Amino acid sequence: WLYLFSLGYAVFAGYYYGYMLCVASVVLFLMWYVESRYEAHPVYARSVWFNYLVASVAAGLLPAAVWLPALFSISGGRLNQTSLADFSMAENQSLGSFFDTFFIGANNTDELVNGAPNVFCGALVLFLVIAFFLDKRNPVRTKMIRGIPLLFYFLTFYVKALSMVVQGFSTTHWFNFRYSYVFSFLMIVIAFEEFVQIREIDAKDFKRSILLLTGIVVLT
């Protein structure tokens with residue numbers, strides 16, 4: 001019920017951002033579902049899928065009154081300015097510019113509006129995420145479950161077609177990565193998981209994490 005009404009309110013309050021949250025919901029649900037190993041319990045797995053699908057559809061129907069006004073508001077504008085040719089594999093930005101934002105965010109309003117995705121969430125978070133993936137105590141399965149959503153959103157920052165899919169299948173003229181807060185959220189969640197167990201980390205893994213973070217700083 002919390003998920004249903006939260007997502008319904010998000011779509012009602014901001015249709016565009018609500019769509020981005022719907023995409024994030026699918027990504028996070030799959031991450032949670034695979035980690036919980038519900039596939040090993042077919043009966044319960046069907047119940048989980050049923051609850052999620054029903055709640056998701058209901059959350060979309062609750063604010064249905066805003067659908068037509070939202071569609072009319074963007075018709076003649078963003079929708080008409082988007083064509084199949086826009087769904088290309090062209091680069092949105094260089095890899096270097098993306099990693100820069102881990103440390104400096106945006107220097108001014110113009111960079112915030114037209115620049116790389118705003119994924120700055122602090123050097124400590126970045127260090128803990130690196131430590132999480134280097135920490136031998138974390139199973140490979142867990143690392144993959146965390147890493148694949150991060151990789152997916154990273155690719156949306158880099159590949160124009162994927163970015164458009166996440167942003168409602170349309171082109172953007174400013175704030176080209178409005179959904180970047182989802183990537184930052186994933187980073188913070190992973191960082192917290194490592195933070196609560198950082199005292200028991202192996203000294204070698206700790207040193208490797210520091211060296212890798214230093215290397216990223218130097219290269220960017």
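Keep in mind that what you see is a predicted model, and the values were worked out from it rather than measured. All values below come from the heavy atoms of this structure, side chains included, with hydrogens, waters and symmetry mates left out.
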hydrophobic_cluster_shared for [Y] and [X], side chain cutoff 4.5 Å:
X: F132; Y: W32; value: yes
X: Y19; Y: Y181; value: yes
X: L211; Y: I130; value: no
X: V26; Y: F154; value: yes
X: F29; Y: I148; value: no

Within a reach of under 6.0 Å around [atom1] of [X], are more than 12 heavy atoms found that belong to other residues, nucleotides or ligands?
X: Y3; atom1: OH; value: yes
X: F195; atom1: CZ; value: no
X: F206; atom1: CZ; value: no

*Can you name the closest pair of heavy atoms from P63 and A59 and give their distance?*
CD-O, 2.9 Å
Whether [X] side chain and [Y] backbone form a donor-acceptor pair below 3.5 Å:
X: R141; Y: V34; result: yes
X: S25; Y: L21; result: no
X: N51; Y: S47; result: yes

Indicate yes or no: at least one non-hydrogen side-chain atom of [X] is less than 4.5 angstrom from one of [Y].
X: V182; Y: Y153; result: yes
X: V125; Y: F120; result: no
X: I216; Y: F102; result: no
X: L213; Y: L126; result: yes
X: V140; Y: M144; result: yes

Atom [atom1] in [X], atom [atom2] in [Y]: separation rounded to 0.5 Å?
X: I145; Y: L150; atom1: CD1; atom2: CG; result: 13.0 Å
X: S209; Y: I198; atom1: OG; atom2: CD1; result: 7.0 Å
X: D205; Y: K136; atom1: CG; atom2: NZ; result: 3.5 Å
X: K204; Y: L134; atom1: NZ; atom2: CG; result: 14.0 Å
X: M20; Y: S180; atom1: CE; atom2: OG; result: 9.5 Å
X: N118; Y: T101; atom1: CG; atom2: OG1; result: 7.5 Å

*Between Y33 and Y52, ring centroids under 6.0 Å*: no
*Given the side-chain rings of F157 and Y179, with only the six-membered ring counted for Trp, is the space between their centroids under 6.0 Å?*
yes
*asked:* What I want to check is whether the side chains of N138 and Q197 have a donor and an acceptor closer together than 3.5 Å.
replied: yes
*Do we see a donor-acceptor contact under 3.5 Å between the side chains of Y158 and S163?*
no
_Step-by-step salt bridge (Lys or Arg N to Asp or Glu O under 4.0 Å) determination, R137 to E194_ = CA-CA 10 Å; R137 296 171 299 168; E194 186 64 19; 3.7 Å; yes
_Candidates V57, V11, L7, L4 - the one meeting side chain to side chain contact (heavy atoms under 4.5 Å, CB included) with L62_ = L4
